[in-house]
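Written out below as structure tokens is the structure these notes cover.
Sequence positions, counted from 1, serve as the residue numbers for this chain.
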Amino acid sequence: MRATRIRSVTPHVLMADLAEPFAYSQAWYRRRGAMLVEVVTEDGIVGWGEAFGPPELTAPICAWLAPLLIGQDALAREALWQAMYNRLRDHGQRGLVIEAISALDIALWDIAGQAFGVPVHKLLGGPLRTEVQAYATGFYRRERADHLRYLTEEAEDRLEEGFSILKLKTGWGLAEDIALTRDFRHAIGPNIGLLVDCNHAYDVPAAIAYGRAVAECDIGWFEEPVQPEDLDGYLEVKRGQPIPVAGGEASFTRWGFRDMITRRVADILQPDVAACGGISELKKIADMANAFGVRINPHVWGTGVALAASLHLLAVIPDNPPGLFPRPPLLELDRSPHPVRDALLAEPIGFAGGVVRVPQGPGLGITVDRAALTRFAA
């Protein structure tokens, strides 16, 4: 065994301008960034983690938490997670604090895998699968009036790449969303899987009206129909329209998901490894959901660090329900513009035919290109 005492914790804030801005229902993106944290042991093992959320805000939290980790055994992941969470429990049970803890936890799992010479999914008890079917995320609003045209062009690109499932962004107004969803389904044809995501742009009556109006479009799930705090609203939407309801990317820790699971407010839960508490916490959430028969499809919207961590978890999340003809969890693969993501890894995680292989190298199985850290340093 190599020495695993933690020597340093370094947050990296990365940012890049976008050539063409895009929007989801809550905001426009003119820049995209990432917050990576680099954790180094006394023997030189380097672990990488990533936080979902605004990089400029999660980085100082990681720096504030660093003294709790330096000098400690990096393999004591559960003890370190509890130390970080309990130190800020009165001030950060969700949101930015948990996103920062997520990054640090991912880095500790990366270190552990390298210390033992095995991929993270081996430490998690897997793999149950070595490759995962991906769906293409994108289809955002652009500063152009011909929405259906550019969305159809984007769909053609994704289908040429081998994707067979696409996720359409909605939340532009009820009547427009209904028309757009119907037109988009007609454009891609009946044999391509279609998911929709309004990023909590609706209230309950609008979400129910939308779900009923587009039910004939054969939609796999209706994501974040109402605000994430409104669990009663989730239940009303789930009961009031026929499309399976998904949500959870804006929920945090096992405690945040407890009520979602026990009350069965959603058919599909979407914890994000870079937001919900890291690999340690998402595994607990997934096990809890499995005990209640609730499906898990992790949310993924970051660089190759978050993608690799998600893939290791997807390698061990069980089929729910199991059987000869299972419905394995899907990988969300972001295909929207992200210069940092595209340059960050020395060897990007590739995909072919809409399928992504789980990394097999030690730890996360990735190598960060330090030139990209310098190029995009904010």
Side-chain angles (χ1 to χ4, degrees), residues 6 8-15 26-27 32-40 47-74 76-112 199-200 224 227-231 247-261 269-286 288 298-303 305-306 309-310 313 364 378:
I6 297 171
S8 64
V9 175
T10 306
H12 297 271
V13 176
L14 310 176
M15 196 67 65
Q26 303 299 321
R32 283 193 75 173
M35 199 292 288
L36 303 186
V37 66
E38 179 183 8
V39 179
V40 183
W48 291 97
E50 179 173 358
F52 186 54
E56 305 93 330
L57 300 180
T58 52
I61 299 173
C62 278
W64 192 92
L65 290 167
L68 297 178
L69 304 184
I70 292 172
Q72 301 299 313
D73 182 359
R77 296 180 300 280
E78 185 65 24
L80 294 176
W81 196 99
Q82 294 294 336
M84 291 187 287
Y85 183 80
N86 290 335
R87 183 62 182 84
L88 288 174
R89 190 175 206 140
D90 294 348
H91 315 287
Q93 298 169 17
R94 54 184 294 119
L96 294 167
V97 167
I98 306 304
E99 290 170 344
I101 291 174
S102 300
L104 293 163
D105 181 78
I106 293 168
L108 296 178
W109 278 92
D110 190 18
I111 288 170
N199 292 106
H200 51 82
E224 284 203 307
Q227 295 175 356
E229 301 93 337
D230 187 8
L231 299 190
E249 71 183 70
S251 297
F252 303 88
T253 74
R254 76 200 80 163
W255 297 283
F257 278 88
R258 178 182 57 196
D259 287 346
M260 295 189 75
I261 293 169
L269 292 179
Q270 300 171 303
D272 188 310
V273 68
C276 74
I279 292 173
S280 298
E281 201 68 0
L282 199 153
K283 182 63 166 61
K284 293 180 176 71
I285 293 164
M288 188 163 58
H299 174 265
V300 187
W301 206 67
T303 73
V305 177
S310 300
L313 284 159
L364 293 178

Backbone of Gln82 reached by a side-chain donor or acceptor of Asn86 within 3.5 Å: yes
Val40 side chain near Thr10 side chain, heavy-atom distance below 4.5 Å: no
Is there side-chain contact between Val39 and Asp110, with at least one heavy-atom pair below 4.5 Å? no
Main chain of Arg77, side chain of Trp109: is a donor-acceptor contact present, judged purely on distance under 3.5 Å? no
Would you find a donor on one side and an acceptor on the other, under 3.5 Å apart, between the side chain of Glu281 and the backbone of Arg254? yes
Geometric class of the Phe52/His299 ring pair [parallel <30°, tilted 30-60°, perpendicular >60°]: perpendicular
Decide yes or no on side-chain contact (heavy atoms from CB on, under 4.5 Å) for Ile6 and Leu108, but give the supporting numbers first. CA-CA 10 Å; Ile6 297 171; Leu108 296 178; 3.8 Å; yes
Ala83 and Leu68 have their tightest heavy-atom pair at O-CD1, 4.0 Å
Return the CG to OG distance between Leu104 and Ser280, rounded to the nearest 0.5 Å. 11.5 Å
Do Leu96 and Pro54 have side chains that get closer than 4.5 Å, going by heavy atoms? yes
Cation-pi, Trp64 ring and Arg87 (6.0 angstrom, 45 degrees): no
N/O donor-acceptor pair under 3.5 Å between Arg94 side chain and Thr253 backbone: no
Can you tell me how far apart CG (Leu269) and CZ (Phe257) are? Round to the nearest 0.5 Å. 6.0 Å
Between Ile285 and Pro271, which heavy-atom pair has the shortest distance, and what is it? CG2-CG, 4.2 Å
Backbone N/O of Gly302 and side chain of Glu50: donor-acceptor pair under 3.5 Å: no
Once salt bridge (charged side-chain N to carboxylate O under 4.0 Å, His left out) is applied, do any residues pair with Glu78, and if so which ones, sequence neighbours excluded? Lys284
Return the minimal non-hydrogen interatomic distance between Val13 and Ala59, and the atom names on each side. CG2-CB, 3.4 Å
So does Glu249 get a backbone contact from the side chain of Asp272, meaning a donor-acceptor N/O pair under 3.5 Å? no
